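The structure displayed is predicted, hence computed values, not measured ones. The analysis underlying the following values was restricted to heavy atoms, covering all of them including side chains, and did not include hydrogens, waters or symmetry mates. Naming: A, B, ... by sequence-line order, numbering from 1 per chain.
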Amino acid sequence: MPELPEVETYRRYFEETCLFQPIANLFVEDRKLLTTDYDTLLVGLRDRSFIGTKRVGKNLFVQLDGLPDGESSDGLTAPWLHLHFGMTGDLAYFRDVEDTPRFARILFFFQNGFKLAFICPRKFERVGLIDTPEAYLLRKKIGKDGLEISVEELAEKFRRKAAPIKPVLMDQATVAGLGNWIVDEVLFQARLHPERRANNLTPDEVARLHGAIQLVLTTAITQEAQYSRFPTSFLIHAREWDSSPYPEANAHRSCPACRGELTVKQVGGRTTYFCGACQG
DNA sequence: CGCTATGTTGTTCC
DNA sequence: AGGAACAACATAGC
């Protein structure tokens with residue numbers, strides 16, 4: 001699930017549940033999930049509290065109390081926790097042990113008895129301490145957030161990209177937060193073929209694309225990324241991850257605009273849904 | 001059993 | 001050098 005709208009939903013959930021409670025302990029099932037070694041992470045978290053959150057693209061940053069932003073007095077601590085949800089990550093805040101969700105491979109124990117589970121079904125998720133979100137984003141070459149980028153900035157990113165527009169939009173350096181299904185939805189809403197070359201788009205097409213990014217992201221966040229609640233004009237329903245007992249039927253779901261048959265093919269190495277008629 | 005998967009990264013090849 | 005293509009990662013679910 002975790003593209004930008006899901007991570008934004010997790011961020012709000014985290015803010016509502018986990019702030020201003022000292023941390024007592026930490027459980028990590030598999031240290032491969034950590035980007036900071038376990039002992040350093042435990043020392044950095046214990047007796048501290050989360051005091052705020054920030055999100056850029058699919059990255060969630062959580063600020064810890066006790067140290068000024070970006071400073072590390074003893075070399076063992078850092079003031080921000082970074083979480084990346086991979087393909088299947090999720091959060092769950094709970095108190096009773098019997099409510100521990102499946103795949104809760106990382107647990108933060110608060111001193112008030114509540115716990116935060118970082119649910120990691122496929123172990124593609126990552127957690128660790130960082131100095132500052134800004135330094136992390138720079139190091140990882142992550143571009144502007146999808147909700148923040150301007151049409152001019154987007155056009156500039158496309159200017160020298162000969163690749164198909166789909167992988168260019170998937171690249172977090174172009175714009176942060178768009179993943180496979182959102183890019184398909186954005187291209188459908190903008191009525192652009194996923195294999196159009198990024199540097200061949202007209203200014204009007206770039207403007208449409210920018211508008212579609214805003215539309216899809218804001219719609220998804222408003223619905224808390226519950227796909228079934230999205231407007232019927234959205235292509236997402238052709239995927240229907242949660243409700244289709246017949247996968248082969250999905251590939252032949254019709255276009256929400258013209259009711260023509262959808263095309264399903266690999267573009268940029270990912271399964272891509274589009275309407276050849278509407279997105280010609 | 002075989003296939004696919006919402007993401008990122010490292011390698012290889014131009 | 002820079003970019004594009006693709007395999008690999010680890011596991012679940014169908």
Using a strict cut-off of less than 4.0 Å between a Lys/Arg side-chain nitrogen and an Asp/Glu carboxylate oxygen, indicate whether [X] and [Y] qualify as a salt bridge.
X       : Y       : result
E6(A)   : R11(A)  : no
D184(A) : R270(A) : no
E153(A) : K157(A) : no

To the nearest Å, how far apart are [X] [atom1] and [N] [atom2]?
X       : N      : atom1 : atom2 : result
E195(A) : dA4(C) : CD    : P     : 15 Å
R197(A) : dG3(C) : CZ    : P     : 16 Å
K141(A) : dG2(C) : NZ    : P     : 10 Å
D171(A) : dA5(C) : CG    : P     : 12 Å
K161(A) : dA4(C) : NZ    : C1'   : 9 Å
R160(A) : dG2(C) : CZ    : P     : 11 Å
F85(A)  : dT8(B) : CZ    : P     : 12 Å
L178(A) : dT8(B) : CG    : P     : 11 Å

*For DNA chain C, what residues of residues 54-61 of chain A have any heavy atom nearer than 4.0 Å?*
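Those residues whose heavy atoms fall under 4.0 Å from DNA chain C, taken from residues 54-61 of chain A, amount to none.
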*Tell me whether the OP1 or OP2 atom of dA5(B) has a side-chain N or O from T271(A) closer than 4.0 Å.*
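Yes, T271(A) has a side-chain N/O under 4.0 Å of OP1/OP2 on dA5(B).
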*asked:* Counting only side-chain nitrogens and oxygens, does H84(A) get under 4.0 Å of the OP1 or OP2 atom of dT8(B)?
replied: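 Yes, H84(A) has a side-chain N/O under 4.0 Å of OP1/OP2 on dT8(B).
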*Mind telling me whether F110(A) and F50(A) have parallel, tilted or perpendicular rings, with 30° and 60° as the class edges?*
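Rings of F50(A) and F110(A): perpendicular, as their planes differ by over 60°.
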Could you list the donor-acceptor pairs under 3.5 angstrom formed by side chains in residues 91-99 of chain A, with sequence neighbours left out?
unit_1: Y93(A); atom_1: OH; unit_2: T17(A); atom_2: O; d: 3.4
unit_1: Y93(A); atom_1: OH; unit_2: Q21(A); atom_2: OE1; d: 3.1
unit_1: Y93(A); atom_1: OH; unit_2: Q21(A); atom_2: NE2; d: 3.2

*Return the nearest nucleotide to the side chain of Q172(A); candidates are dA4(C), dA5(B), dT8(B).*
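The listed nucleotide nearest to Q172(A)'s side chain is dT8(B).
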*Close side-chain approach of L192(A) and F274(A), heavy atoms under 4.5 Å*: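 Side chain of L192(A) against side chain of F274(A), heavy atoms only: no contact under 4.5 Å found.
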*Would a 4.5 Å heavy-atom cut-off, applied to side chains only, mark L33(A) and V127(A) as touching?*
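Counting from C-beta outward, L33(A) and V127(A) never come under 4.5 Å.
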*Who passes ring pair (Phe, Tyr, Trp, His ring centres under 6.0 Å) against F230(A), sequence neighbours left out?*
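In terms of ring pair (Phe, Tyr, Trp, His ring centres under 6.0 Å), with neighbours along the sequence ignored, F230(A) is linked to W181(A), Y227(A), F234(A).
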*At under 4.0 Å between heavy atoms, what does G179(A) touch on the DNA or RNA strands: base, sugar-phosphate, or nothing?*
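It contacts sugar-phosphate atoms only.
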*Please indicate whether R160(A) has more than 12 foreign heavy atoms, meaning atoms of other residues, nucleotides or ligands, lying under 6.0 Å from its CZ.*
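Counting neighbours around CZ of R160(A), 12 or fewer heavy atoms of other residues, nucleotides or ligands fall under 6.0 Å, so no.
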*How would you list, by chain and number, every residue that makes a side-chain contact (heavy atoms from CB on, under 4.5 Å) with T202(A), sequence neighbours excluded?*
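side-chain contact (heavy atoms from CB on, under 4.5 Å) check on T202(A) returns D204(A), E205(A).
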*asked:* Pairs counted only when both distances fall under 3.5 Å, Watson-Crick or G-U: show me the 5' to 3' dot-bracket for DNA chain C, [ ] for pseudoknotted crossings and | for other-strand partners.
replied: .||||||||.||||
*What one-letter contact string describes nucleotides 8-13 of chain C from 5' to 3', where B marks a base within less than 4.0 Å of any protein heavy atom, S marks contact via sugar-phosphate atoms alone, and - marks no contact?*
-BBBBS
*E125(A)/T88(A) under side chain to side chain donor-acceptor pair (under 3.5 Å): CA gap, chis, key distance, verdict*: CA-CA 8 Å; E125(A) 302 76 8; T88(A) 49; 3.0 Å; yes
_Check: F61(A) ring centroid to Y136(A) ring centroid under 6.0 Å_ =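 Yes; Y136(A) has its ring centre under 6.0 Å from that of F61(A).
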